[in-house]
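Remarks on the structure that follows.
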Amino acid sequence: MKQINCNNAFVMPKWVVAASFTLCLLLCSGSYTAGQASLPQASAPACEPSRQRQLALNVEDKEGHFANLRLEDLALTIDKAPAEILNLEAKLDQPLAVVILIDTSMSQEFTLSQTKLAAQKFVEWVLRTKRDRAAVVSFSGEAIVEEELTNESARLQAAIARIESIRPPDYVLGGVGAGRSPPIRPQRQGSTAIWNAVWSSTDGILKPITGVRRIVMLLTDGLDNSSTIKLREAVEYAALHDVAVFSISTLDKGYTIYGRDEITELSEDTGGRSFVMKKVQDIPQILQRTERELRSHYLLTYCAPGGKPAGVVPRLRIDLKNPQLRTAKLRLSYRRYAVM
């Protein structure tokens, strides 16, 4: 094909010159094909600020170390529909607001001392800066605030030290006696209302706090037997207020739901992690892993779809698109419910 020279000038009518010049530009720029002219492409609509949401994302390699990610490595779906990831920002050493939630039910009577030790070491080893604050809450059938949010380690340690299990009058070894008359309160004394305590800690202490990573540090034997709300309600409420539950259980196995025990479901679906403490010597390793996850994470910003029916909490899922990262078997931790 003969090359078109766009620089040659000819004497011809002005309208012919204009038409020829336009055609010459199209051919020389390669933006014209036979029978079809290139049309401007409509740009994708930007995500309105009112639909932008954020969540904390932890990423660990097989050794439990923080792993590097790029935005293009991830795929996000909400109720199985693709959603746009707008930004991915590493957050290191973000301040913490923590509720240390200690089970004092009678099923803990033989393990409360090591549970309190784990809580005290959490204050000593994990809450390292004046920007970190914690509250201490004990619970059995009801939750009691032993110490409000503070960055004073001595006050936290004193609150943990004075916690004890109190046997109700009708208590029998290994359980809670039914008594002859119905209990005055909905929750029995000496019983365990974990879901209520997590909900109350989120609502009454952590929900108003901003500019920090919000955590419930739950220490329990892992069996709820008296909450007035369901496990899923506690999970959804904590997750939708960006509160991650990290748990240390003194019980190897609890009731299972779809292959996971209830405390693991509570922790993982809020973006936290569940650990089992079989002996006191496990405390240093557990707290080291916990601190690593609390201090190093990503802040992921996504675009929430509109038009979701009221009362429906959509499920959220993050997958690795990068084949190399999938091969590396990275562990992703994040809340499983989308804020709409």
Side-chain angles (χ1 to χ4, degrees), residues 44-45 47-60 67 69-89 91 194-199 201-203 206-207 213-216 218 222 224 227 229-247 254-274 293-294 297-322 325-326 329-340:
C47 182
E48 300 172 359
S50 61
R51 292 170 53 205
Q52 295 180 17
R53 303 288 185 269
Q54 294 181 322
L55 62 84
L57 169 66
N58 279 98
V59 186
E60 286 186 348
L69 281 183
R70 301 169 302 169
L71 185 149
E72 55 266 29
D73 293 327
L74 302 173
L76 171 67
T77 56
I78 297 177
D79 277 351
K80 300 182 179 180
E84 182 184 5
I85 300 176
L86 303 172
N87 191 42
L88 187 68
E89 178 185 1
K91 289 286 186 179
I194 301 174
W195 322 144
N196 284 6
V198 169
W199 195 98
S201 297
T202 298
D203 187 69
L206 294 174
K207 185 171 69 171
R213 188 161 190 206
R214 294 176 284 196
I215 303 295
V216 167
L218 171 65
D224 186 301
S227 281
I229 66 171
K230 297 179 180 178
L231 167 60
R232 177 160 180 169
E233 293 175 306
V235 170
E236 289 182 359
Y237 196 74
L240 295 182
H241 290 92
D242 212 18
V243 173
V245 178
F246 285 74
S247 58
Y255 299 119
T256 58
I257 297 179
Y258 305 117
R260 294 184 296 170
D261 66 84
E262 292 178 322
I263 295 300
T264 299
E265 181 176 356
L266 171 67
S267 300
E268 291 183 350
D269 283 7
T270 58
R273 175 74 74 90
S274 175
E293 291 207 25
L294 293 180
H297 67 281
Y298 289 96
L299 188 64
L300 184 149
T301 305
Y302 67 93
C303 189
K308 206 67 182 178
V312 176
V313 182
R315 294 282 294 188
L316 181 149
R317 180 185 173 101
I318 301 174
D319 291 300
L320 293 168
K321 293 195 298 185
N322 189 325
L325 295 179
R326 288 201 299 267
K329 296 182 179 179
L330 299 182
R331 184 182 189 276
L332 305 182
S333 302
Y334 55 94
R335 68 167 188 258
R336 303 298 168 135
Y337 294 93
V339 178
M340 303 300 287

Can you name the residues that form a side chain to side chain contact (heavy atoms under 4.5 Å, CB included) with [X], not counting sequence neighbours?
{"X": "Arg53", "value": "Tyr302, Ala304, Val339"}
{"X": "Leu330", "value": "Val59, Asp61, Ala67, Leu69, Leu320, Leu325, Ala328"}
{"X": "Arg232", "value": "Glu236, Tyr337"}

If you round to the nearest 0.5 Å, how far is [atom2] of [Y] from [atom1] of [X]?
{"X": "Ile194", "Y": "Leu218", "atom1": "CD1", "atom2": "CG", "result": "6.0 Å"}
{"X": "Glu60", "Y": "Lys329", "atom1": "CD", "atom2": "NZ", "result": "16.0 Å"}
{"X": "Glu268", "Y": "Arg331", "atom1": "CD", "atom2": "CZ", "result": "5.5 Å"}
{"X": "Ile318", "Y": "Ser333", "atom1": "CD1", "atom2": "OG", "result": "10.0 Å"}

Quick check against the 3.5 Å criterion: does [X] have a side-chain atom that pairs as donor or acceptor with the backbone of [Y]?
{"X": "Asp79", "Y": "Pro314", "value": "no"}
{"X": "Asp224", "Y": "Trp195", "value": "yes"}
{"X": "Thr270", "Y": "Val245", "value": "yes"}
{"X": "Asp242", "Y": "Leu55", "value": "no"}
{"X": "Arg214", "Y": "Lys207", "value": "yes"}

Exercise for review: Could you tell me which residues satisfy side-chain hydrogen bond (donor to acceptor under 3.5 Å, both in side chains) with Thr77, sequence neighbours excluded, listed by chain and number?
Suggested key: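 side-chain hydrogen bond (donor to acceptor under 3.5 Å, both in side chains) check on Thr77 returns nothing, list empty.
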
Exercise for review: Quick one: list whatever passes side-chain hydrogen bond (donor to acceptor under 3.5 Å, both in side chains) with Glu293, sequence neighbours left out.
Suggested key: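 In terms of side-chain hydrogen bond (donor to acceptor under 3.5 Å, both in side chains), with neighbours along the sequence ignored, Glu293 is linked to Arg273.
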
Check your understanding: Are Ile78 and Pro305 close enough that some pair of their side-chain heavy atoms sits under 4.5 Å apart?
Key ->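 Yes; the side chains approach each other to less than 4.5 Å.
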
Check your understanding: Less than 4.5 Å apart, any side-chain heavy atom of Arg213 and any of Lys91?
Key ->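 Arg213 does not reach Lys91 side chain to side chain.
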
Check your understanding: At their closest point, which heavy atom of Glu84 faces which heavy atom of Leu76, and how far apart are they?
Key ->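 Scanning both residues, the minimum pair turns out to be O-CD2, 4.4 Å.
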
Exercise for review: Compare every heavy atom of Leu332 with every heavy atom of Arg336, then report the nearest pair and how far apart it is.
Suggested key: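 Nearest pair, atom of Arg336 first, then Leu332: NH2-O, 3.9 Å.
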
Practice item. With sequence neighbours left out, write down each residue that passes ring-ring contact (aromatic ring centres under 6.0 Å, His included) with Tyr237, or none if nothing qualifies. Key: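 For Tyr237, the residues satisfying ring-ring contact (aromatic ring centres under 6.0 Å, His included) (neighbours in sequence not counted) are Trp199, His241.
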
Check your understanding: Considering residues, nucleotides and ligands other than Arg51, do more than 12 of their heavy atoms fall under 6.0 Å from its CZ?
Key ->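 Count over threshold, so yes.
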
Review point. Has Lys321 got more than 12 heavy atoms of other residues, nucleotides or ligands less than 6.0 Å from its NZ?
Key: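 Counting other residues, nucleotides and ligands, NZ of Lys321 exceeds 12 neighbours.
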
